[in-house]
Amino acid sequence: MNTESLSRTATAKDLHAVTPIRRDGVRLVRCIPESMALVLGSRQSEHLIDRKRAAQRNIEVIRRRSGGGIVLVDPHRSLWIDIEIGADDPRYVAEPLGMMEQVGRWWLAALTSLDCVPPDIWQFVGQTGNDSNGELVCFAGRSHGELMVEQSKLVGLSQRRTRDGARVQGQLHFVDPTDEILALLVEEVTGALRRPAIVDEQVQDVLNGRFLDALTSVVSASLSSR
């Protein structure tokens, strides 16, 4: 049972492609897309997006295999890490919500270890909230296990499970992507749309340079504590 980490740079489509999960360990992957991409949740219609407008802005439009709302990934303005947990690893949680809660705690512990925790951070535990168009845009809602700052989402999580284990994708933003997302929608959004929490500019270099190692240390320590 070991823990490994790596960084991978590829197209957003390739980064979201299914890869085998090793059943007896945990792997953390810092995903760096080659360019900006708009990512639809597994159950969202492609007709939501104006593909011509997206092409004009050089934004790829793809679909992930996990559920939830639209996410914008960016090589410079967001931090995206996948955690793959094998089904035979003692850190694997069979109950999906329990897995999300555990990964959220790992993110929180890693942020804390780097002294990059915003004031008023907390972990949401409860029923998915889509009162502000969260079904449409991921960071407008909140799901079990995710990290919040006041009422805005800081770390978004989504999960894909197979018989070999689970892959939990996590992301936070350095720049609010909401306007970029709204500009690519076919129809104007009505009603409230909550914007994400953004990490302080002073800690962006720390997170880019050290967060993967910090998160790997937290995940490794969680094995020895069992």
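When a residue number appears, it is its place in the shown sequence, counting from 1.
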*Steps toward side-chain hydrogen bond (donor to acceptor under 3.5 Å, both in side chains) verdict (Arg167, Thr162)*: CA-CA 8 Å; Arg167 177 178 290 108; Thr162 72; over 6 Å; no
*Show the numbers, then the answer: is there a side-chain hydrogen bond (donor to acceptor under 3.5 Å, both in side chains) between Asp82 and Trp80?*
CA-CA 7 Å; Asp82 286 358; Trp80 166 14; 2.8 Å; yes
*Check against ring pair (Phe, Tyr, Trp, His ring centres under 6.0 Å), Phe124 and His144*: CA-CA 6 Å; Phe124 177 73; His144 188 92; 7.3 Å; no
_Run Asn2 and Arg22 through side-chain hydrogen bond (donor to acceptor under 3.5 Å, both in side chains) and show every step you take._
CA-CA 10 Å; Asn2 65 346; Arg22 191 181 66 239; 2.7 Å; yes
*Show your working on side-chain hydrogen bond (donor to acceptor under 3.5 Å, both in side chains) between Arg91 and Thr3 and close with a plain yes or no.*
CA-CA 11 Å; Arg91 291 163 290 188; Thr3 307; 2.6 Å; yes
_What verdict does the salt bridge (charged side-chain N to carboxylate O under 4.0 Å, His left out) test give for Arg195 and Asp179, after you've listed the backbone C-alpha separation in whole Å, the side-chain angles of each residue and the deciding distance to 0.1 Å?_
CA-CA 10 Å; Arg195 290 175 177 265; Asp179 291 338; 2.7 Å; yes
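Connection of Phe139 to Leu48 is not established within any shared hydrophobic cluster, with ILVMFWY side chains joined at heavy-atom distances below 4.5 Å, either directly or through further cluster members. In the hydrophobic cluster analysis, where Ile, Leu, Val, Met, Phe, Trp and Tyr join through side-chain heavy atoms closer than 4.5 angstrom, Ile198 is grouped apart from Ile70. Cluster annotation: Met100 and Val103 are assigned to the same hydrophobic cluster (Ile/Leu/Val/Met/Phe/Trp/Tyr, side-chain heavy-atom contacts under 4.5 Å, transitive). Tracing side-chain contacts under 4.5 Å through hydrophobic residues (I, L, V, M, F, W, Y), one reaches Leu182 starting from Leu184; they form part of the same cluster. In the hydrophobic clustering of ILVMFWY residues, with side-chain heavy atoms under 4.5 Å counting as a link, Val189 and Ile49 come out together.
Residues Arg64 and Ser158 are in side-chain contact: their nearest non-hydrogen atoms beyond the backbone lie under 4.5 Å apart. Between Ser220 and Thr216 there is a side-chain heavy-atom pair separated by less than 4.5 Å. Looking at heavy atoms from C-beta onward, Met148 lies out of side-chain contact with Leu154 at the 4.5 angstrom threshold. Here the side chains of Val39 and Ile62 are in contact, with some heavy-atom distance below 4.5 Å. In this structure, Met36 and Arg57 have side chains that are not in contact, with every pair of non-hydrogen atoms separated by 4.5 Å or more. Considering only heavy atoms from C-beta on, Thr178 comes within 4.5 Å of Pro196 through its side chain. Side-chain contact between Glu60 and Val73: absent, with no pair of heavy atoms (C-beta onward) separated by less than 4.5 Å. Using a 4.5 Å heavy-atom threshold, the side chains of Ile83 and Val29 count as separate.
Distance check, rounded to the nearest 0.5 Å: CG of Leu79 to CD of Gln171 gives 8.0 Å. One distance of note links CG of Leu215 with CG of Leu207; it measures 11.0 Å at 0.5 Å rounding. A distance of 13.0 Å separates CD1 of Ile85 from CG of Asp164, quoted to the nearest 0.5 Å. To the nearest 0.5 Å, atoms CD1 (Ile181) and CG (Leu136) are separated by 8.5 Å. Taken to the nearest 0.5 Å, the CD atom of Gln169 stands 9.5 Å off from the CD atom of Glu84. With rounding to the nearest 0.5 Å, the separation of OG in Ser7 from CD1 in Ile81 is 8.0 Å.
Not a single donor-acceptor pair under 3.5 Å links the side chain of Glu180 to the backbone N or O of Pro177. Remark: side-chain polar atoms of Glu95 are paired, donor with acceptor, to backbone N or O of Leu97 under 3.5 angstrom. Looking only at distances, a side-chain donor or acceptor of Gln159 sits under 3.5 Å from a matching main-chain atom of Pro96. Of the possible donor and acceptor atoms, none in the side chain of Lys13 sits under 3.5 Å from a partner among the backbone N and O of Arg63. Judged purely by atom type and a 3.5 angstrom limit, Glu101 has no side-chain atom pairing as donor or acceptor with the backbone of Gly145. A distance-only check finds no donor-acceptor pair linking the side chain of Glu46 to the backbone of Arg51 [under 3.5 Å]. In this structure, Asn133 contributes its side chain and Thr190 its backbone to a donor-acceptor pair below 3.5 Å. One N or O on the side chain of Glu146 and one on the backbone of Leu157 form a donor-acceptor pair closer than 3.5 Å. Arg23 places a side-chain N or O within 3.5 Å of a backbone atom of Arg163 that can act as its donor or acceptor partner. Listed for the Asp50 side chain is a donor-acceptor partner under 3.5 Å among the backbone atoms of Arg53.
Tested against Val199, the residues Leu111, Val117, Leu172, Val206 include a single side chain to side chain contact (heavy atoms under 4.5 Å, CB included) partner, Leu172.
Comment: Arg30 does not engage Asp213 in a salt bridge, judged by the lack of any side-chain N to carboxylate O separation of less than 4.0 angstrom.
Nearest heavy-atom pair, Ser78 versus Asp74, reported as atom, atom and distance to 0.1 Å: OG-O, 2.9 Å. Taking each heavy atom of Glu150 and Trp122 in turn, the nearest pair found is O-NE1, 2.6 Å. Minimum heavy-atom separation, Ser35 to Pro75: C-CD, 3.9 Å.
The neighbour count for Gln56 CD, taken as heavy atoms of other residues, nucleotides or ligands under 6.0 Å away, is above 12. Within a 6.0 Å sphere centred on CZ of Arg65, heavy atoms belonging to other residues, nucleotides or ligands number 12 at most.
For the ring pair (Phe, Tyr, Trp, His ring centres under 6.0 Å) test, residues two or more places apart in sequence or in another chain that qualify with Phe211 are Trp107.
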